[in-house]
Protein chains: 2
Amino acid sequence: MTRGTAGERVVLGDVARRAGVSVSTASRALAEDRRISAATRRAVREAATDLRYVPNATARSLRARRTRTLGLLLADLSDPVHGLVAAGFEEEAARSGYGVTFAAGQGDDARERRSLRLFAENAADGVAIASTLLDPTIARRLVPGGRVVIVQPDSPRLPRDRRTRVRGVIRTDDVAGMEAVAAHLVECGYRDVAYVGDGTRTSDVVRHRALERALKRGAPPLPVRWVPAPDAAWRAPEPVVAEIARSLPDVLVCFDDKLALSLLDALRARDLHVPDDVGVVGFDGIPFAEISNPRLTTVVTPAFEMGRRAAAILISAVQTGTMPEAETLPVALAVRESTRVRLAPAGEVAPGA
Amino acid sequence: MTRGTAGERVVLGDVARRAGVSVSTASRALAEDRRISAATRRAVREAATDLRYVPNATARSLRARRTRTLGLLLADLSDPVHGLVAAGFEEEAARSGYGVTFAAGQGDDARERRSLRLFAENAADGVAIASTLLDPTIARRLVPGGRVVIVQPDSPRLPRDRRTRVRGVIRTDDVAGMEAVAAHLVECGYRDVAYVGDGTRTSDVVRHRALERALKRGAPPLPVRWVPAPDAAWRAPEPVVAEIARSLPDVLVCFDDKLALSLLDALRARDLHVPDDVGVVGFDGIPFAEISNPRLTTVVTPAFEMGRRAAAILISAVQTGTMPEAETLPVALAVRESTRVRLAPAGEVAPGA
DNA sequence: TTGTAAGCGTTATCAA
DNA sequence: TTGATAACGCTTACAA
């Protein structure tokens with residue numbers, strides 16, 4: 001028995017020897033190179049199967065100067081939205097034969113930089129960053145080829161308006177989402193609207209402002225109260241609800257579903273009934289928003305699809321060498337049980353007419 | 001300017017040249033090798049920083065025959081339990097300087113094998129498999145070193161009893177969990193108990209049987225009805241609830257929280273009130289079980305911790321060469337609102353006395 | 001159509 | 001304490 005048949009690692013040389021050809025022929029044969037005769041190709045394939053040959057991607061990557069690996073950095077893997085983004089990212093990457101290595105930043109700047117460095121050392125062909133506070137410019141610097149796509153950027157440094165053109169950014173159309181929310185609130189006859197959010201994150205500011213603007217454009221124009229809720233408020237919503245209860249608004253528009261659902265629970269603990277005492281609107285459309293009690297009215301965002309697009313864009317960037325322009329994915333308002341028509345019964349009464 | 005200062009990739013040779021030493025010295029210096037003088041070490045470090053040198057992990061891995069990378073294969077990344085497992089796994093791996101590459105099997109056998117093969121080609125130092133149907137023996141064969149740890153194995157092929165000793169397996173103490181559930185059910189005075197699950201997955205069978213046995217041991221012994229619910233029933237629970245409604249049990253013990261929560265919603269849609277008309281018990285303790293309405297009584301499992309342990313065990317196996325024995329992590333019953341004392345008011349009446 | 005040999009960027013062996 | 005040099009396993013000019 002030749003070497004390689006035993007416990008030793010089987011390498012291409014072993015396959016070549018068994019097939020009675022040279023290493024280069026074996027290499028080409030396994031790559032289905034047309035220059036190698038069909039017979040030789042089959043012989044090599046068989047030798048490879050017999051020996052249970054597993055190609056060494058490390059050696060291949062070193063030689064080829066590309067790893068067929070994508071890096072994915074996100075804030076928290078256990079978050080439902082991020083889980084969906086990651087799932088979509090992995091699915092698309094796998095479809096194209098790319099591996100995915102991932103890291104969670106946990107909102108810790110040092111950790112995020114360390115992760116990007118790890119991606120760099122491991123020579124990821126591209127990197128996606130989802131919902132982290134990291135400055136995109138810094139992120140691009142930390143990734144050698146600059147092949148970075150940012151999903152739902154939350155850095156305060158990124159231009160907030162829709163006109164500025166950026167490359168390699170994927171976001172949801174939060175403005176349109178909030179416009180739909182505003183229209184729905186008006187339709188329901190809500191007057192005293194409160195927005196609940198932390199007041200600093202980019203996506204929070206974007207959503208908050210979009211809501212304000214849309215409501216200001218109405219007839220009559222409606223103001224929006226702001227109820228501050230720290231970033232982790234969804235883990236301990238009671239203080240926020242206490243603040244809310246001091247002067248109950250008609251409806252609460254929440255930064256995201258996690259917050260909205262936890263508020264639902266905390267409101268119930270205070271015997272405040274949704275939607276009778278107060279309406280609640282979420283943002284994201286996570287699965288549990290569909291089966292909460294009451295079911296949550298929310299803006300459904302395509303989290304899984306964002307992940308897919310991020311991977312697709314990266315792979316295309318790797319292959320073409322140019323990073324596609326920013327994409328904004330559509331969202332949809334799902335009206336459910338946590339909001340309802342308030343004053344007049346639903347009808348032909350044009351609001352403000 | 002020497003080569004490497006420009007856009008070209010900076011390699012160790014560039015650092016060595018700038019520091020005025022040889023490549024080998026530079027390599028050792030960056031590895032903080034004691035044999036290199038402190039002065040030289042600092043000089044090399046500085047050169048590296050100046051040039052923004054990023055070591056090439058691919059080359060290092062090729063030479064060192066280990067990648068400092070772990071593979072994680074799970075069924076569905078967007079599932080809350082898996083998300084937590086993944087988060088724990090990544091955290092522990094990162095703590096030890098390991099990267100994590102992951103893949104989702106989506107219950108597709110071919111896809112799972114392909115993922116394991118990808119891990120093999122990329123020479124992951126170890127692989128963790130969570131909640132997949134893959135036969136552990138096959139899994140071990142597909143991973144070169146056999147360094148596999150299986151989290152919550154769901155293969156029908158794995159020995160189900162607690163005596164058999166296996167290596168590299170991490171599971172939760174589902175039997176103890178169901179015993180606690182049984183005790184709670186008895187305490188509540190439930191008589192007509194139904195178990196809802198798909199009837200095939202290992203964890204389903206384990207939980208089902210454990211519940212049956214625990215209830216059979218009571219005084220009086222209680223039987224358990226079985227309500228079949230296909231694997232994906234939580235996406236479309238209506239047919240299951242229809243079946244349940246034909247003859248309403250006192251309490252539903254569900255395979256997992258996802259199923260329990262979706263049943264909660266479907267029951268409500270039918271005007272069946274929980275816990276007044278029927279009690280509901282879940283399993284897993286996912287975050288939303290704490291804030292559902294009613295809040296879900298469930299067996300809380302340490303999903304995040306399972307991920308941590310899996311990574312820790314793998315890393316130790318990589319370093320020591322031996323795979324630690326199976327671990328069973330403790331669970332805890334969380335009694336919440338979806339179950340309640342039924343017949344007699346809560347009191348000193350010993351059940352069955 | 002196939003073989004020879006160079007080289008990807010490290011680390012480790014052996015000398016000095 | 002440091003330096004030359006040979007691997008690691010693969011792909012790809014360049015030859016034949």
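Contact check of residues 116-123 of chain A against DNA chain C (heavy atom, cut-off under 4.0 Å) returns no residues at all.
When the C1' atom of C:dG9 is taken as reference, atom CZ of B:R9 falls 9 Å away, rounded to whole Å. Across the protein-nucleic acid pair, B:L30 atom CG and D:dT2 atom P stand 13 Å apart, rounded to whole Å. Between the CZ atom of A:R68 and the P atom of D:dT11 there is a distance of 12 Å, given to the nearest Å. A:R17 has its CZ atom 12 Å from the P atom of D:dG9, to the nearest Å.
Counting heavy atoms from C-beta outward, B:I170 and B:I150 have side chains that stay 4.5 Å or more apart. Taking 4.5 Å as the limit, some side-chain heavy atom of B:L30 sits within range of a side-chain heavy atom of B:V44.
Listed pair A:Y53 / D:dG9 fails the phosphate criterion, with no side-chain N or O lying under 4.0 Å from OP1 or OP2.
For the residue pair A:T328 and A:T172, the shortest heavy atom distance occurs at CG2-C, 3.9 Å.
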Per-nt protein contacts along nucleotides 1-8 of chain C (heavy atom under 4.0 Å; B base, S backbone sugar-phosphate only, - none) come out as SBBB-BBB

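Axis deviation across the helix from C:dT1-D:dA16 to C:dA16-D:dT1 amounts to 40°, comparing end segments of five pairs, rounded to 10 degrees.
Under the rule for a side-chain contact (heavy atoms from CB on, under 4.5 Å), the partners of B:R34 that lie at least two apart in sequence or sit in another chain are B:R41.
Between B:F119 and the options B:L73, B:V148, B:V143, B:L72, a side chain to side chain contact (heavy atoms under 4.5 Å, CB included) holds for only B:L73.
Between the B:D76 side chain and the B:Q106 main chain, no donor and acceptor come within less than 3.5 Å of each other. At least one donor-acceptor pair closer than 3.5 Å links the side chain of B:D108 to the backbone N or O of B:A110.
Expressed to the nearest 0.5 Å, how far CD of B:E91 lies from CZ of B:F304 amounts to 4.0 Å.
Listed by first then second residue, pairs satisfying ring-ring contact (aromatic ring centres under 6.0 Å, His included) with a partner in residues 11-41 of chain B number zero, not counting sequence neighbours.
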Ignoring hydrogens and angles, write down the donor-acceptor pairs under 3.5 Å from the side chains of residues 52-60 of chain A, residues two or more places apart or on other chains.
| unit_1 | atom_1 | unit_2 | atom_2 | d |
| --- | --- | --- | --- | --- |
| A:N56 | OD1 | A:T58 | N | 2.8 |
| A:N56 | OD1 | A:T58 | OG1 | 3.4 |
| A:N56 | OD1 | A:A59 | N | 3.0 |

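Salt-bridge annotation for B:R117 and B:E121: present, with a side-chain N of the basic residue lying under 4.0 Å from a carboxylate O of the acidic one.
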